[in-house]
2 protein chains.
Amino acid sequence: MPPEKISERELMLALTILFREQGFEGATLSMISKATGLKRASLYHRFPGGKQDIALAVTDFTESEFKKVLAPLHEAGNVKTRIRKVARNLGEYYDDGRRSCLVDALSVGKEADGRNIIAERIAEIMEAFISSFEQIARAAGASAKDARIRAEDAVVRFEGSLVVARSTGDTGSFKRWQKDLARMLTGT
Amino acid sequence: MPPEKISERELMLALTILFREQGFEGATLSMISKATGLKRASLYHRFPGGKQDIALAVTDFTESEFKKVLAPLHEAGNVKTRIRKVARNLGEYYDDGRRSCLVDALSVGKEADGRNIIAERIAEIMEAFISSFEQIARAAGASAKDARIRAEDAVVRFEGSLVVARSTGDTGSFKRWQKDLARMLTGT
DNA sequence: GTCTATAGCTTGATAGAC
DNA sequence: GTCTATCAAGCTATAGAC
């Protein structure tokens with residue numbers, strides 16, 4: 001057999017960028033082929049289920065990458081310091097607000113039956129994101145109810161700043177979000 | 001000639017719903033035909049420029065509908081009362097947070113040349129949205145700089161709550177946004 | 001594990017009748 | 001202003017060679 005033209009990780013990184021920018025319908029196999037350097041048939045060798053399989057793999061990959069980005073939340077040390085580390089990580093991961101959110105891009109569009117398997121799967125990432133923030137808010141002393149609200153609002157402002165930045169090109173609100181995150185979650 | 005099968009306004013309403021749910025790539029001419037009751041050729045009679053023409057018409061239509069929704073901001077009367085009226089209007093327009101934002105749905109995806117004509121056009125709606133909030137914040141006594149930041153953050157939280165609601169099905173953050181809007185913009 | 005070649009379908013778009 | 005019929009191009013997916 002010929003050697004792998006592209007490593008698993010490089011492959012997933014290229015696919016993630018593409019799906020984030022184009023969404024599910026927008027990302028055609030021709031684009032995928034071009035972005036990865038693999039011909040159609042090679043893509044089907046790696047992802048027997050086709051395009052949907054690829055999108056689900058991107059979702060799995062993003063979930064695990066996100067865990068790394070959020071990892072400092074669950075480490076030892078000062079709460080605010082941990083949150084600030086995560087704010088920095090997210091800034092790096094989203095190129096200071098210039099990249100779109102995969103959850104947003106892949107949750108547009110429904111099947112004829114009104115469902116969207118990828119969106120259902122990707123909603124778990126969103127919930128895990130909120131849940132991580134919720135835990136750190138609890139650690140900072142918030143009540144169960146308050147912690148949930150603080151976490152949801154922090155994620156809301158994160159997602160919103162990426163939408164606004166994509167539309168207007170202005171990343172100011174993302175940067176304000178980064179600065180504000182520790183205060184939002186700890187309430188002080 | 002046969003009579004119009006569907007009025008201009010009904011047509012635009014159906015198209016807006018479709019593009020909001022499916023995005024540009026996701027909304028196929030087959031779906032458009034089904035949603036409007038018009039065959040392909042009839043659509044091309046009304047929109048000679050094809051699908052892109054339709055999307056631009058939806059953008060224009062949404063811009064004028066949005067002006068109506070935001071109109072109370074520019075009327076006479078108590079500032080907070082006017083803002084609360086707009087919060088109610090937006091709740092109605094977005095079905096209490098259950099509908100997606102057109103700006104979000106249509107700003108996913110780029111042409112090969114890196115541009116996206118529809119997204120560029122629709123960015124103007126986003127800017128007008130922010131600008132309306134900015135004016136009312138000024139009217140409430142905020143400095144130019146503060147008014148801009150308050151307006152941006154209000155729109156950020158609005159867009160974010162729609163993304164989170166679409167993903168998780170939870171409209172709680174949208175309802176909190178409605179309650180909070182007057183305080184956010186006036187700073188009190 | 002990669003490729004070329006191809007199948008079969010859907011897409012966006014058009015011609016021309018009524 | 002609507003329609004049927006049709007088109008080329010692009011789509012996802014597969015078969016089979018190396």
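Chain identifiers are assigned alphabetically (A, B, ...) following the order of the sequence lines, protein sequences preceding nucleic acid strands; residue numbering begins at 1 within each chain.
- Within the structure, every side-chain polar atom (N or O) of A/Ser30 is placed at least 4.0 Å from both OP1 and OP2 of D/dG10.
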Could you go through nucleotides 1-4 of chain D and list every protein N or O atom that sits under 3.5 Å from one of its N or O atoms, giving the distance for each pair?
| unit_1 | atom_1 | unit_2 | atom_2 | d |
| --- | --- | --- | --- | --- |
| D/dG1 | OP2 | B/His45 | NE2 | 2.7 |
| D/dG1 | O4' | B/Pro2 | O | 3.4 |
| D/dT2 | OP1 | B/Lys5 | N | 2.9 |
| D/dT2 | OP1 | B/Arg46 | NH2 | 2.9 |
| D/dT2 | OP2 | B/Arg46 | NE | 3.2 |
| D/dC3 | OP1 | B/Lys5 | NZ | 2.9 |
| D/dC3 | OP2 | B/Lys39 | N | 3.0 |
| D/dC3 | OP2 | B/Ser42 | OG | 3.1 |

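- In this structure, A/Ile32 places its CD1 atom 10 Å from P of D/dC11, rounding to the nearest Å.
- Taking side-chain N and O atoms only, B/Tyr44 has no distance below 4.0 Å to OP1 or OP2 of C/dT14.
- Across the protein-nucleic acid pair, B/Glu25 atom CD and C/dG12 atom C1' stand 12 Å apart, rounded to whole Å.
- Side-chain N or O atoms of B/Glu111 include none that pairs as donor or acceptor with a backbone N or O of B/Asn116 at under 3.5 Å.
- Per the geometry, CG belonging to B/Leu29 stands 8 Å off C1' belonging to C/dT11, to the nearest Å.
- Residues A/Ser33 and A/Arg40 bring no donor and acceptor atom of their side chains to less than 3.5 Å of each other.
- As a whole-Å value, the separation of A/Lys51 NZ from C/dC9 P is 19 Å.
- Both cation-pi conditions hold for A/Arg20 and A/Tyr94: the charged atom is under 6.0 angstrom from the six-membered ring centre and inside a 45 degree cone around its axis.
- With no hydrogens or angles considered, no side-chain donor-acceptor pair links B/Arg121 and B/Thr59 at under 3.5 Å.
- The pair A/Glu134-A/Arg150 does not meet the salt-bridge criterion, since no charged nitrogen lies less than 4.0 angstrom from a carboxylate oxygen.
- For A/Glu120, the salt bridge (Lys or Arg N to Asp or Glu O under 4.0 Å) partners are A/Arg115, not counting sequence neighbours.
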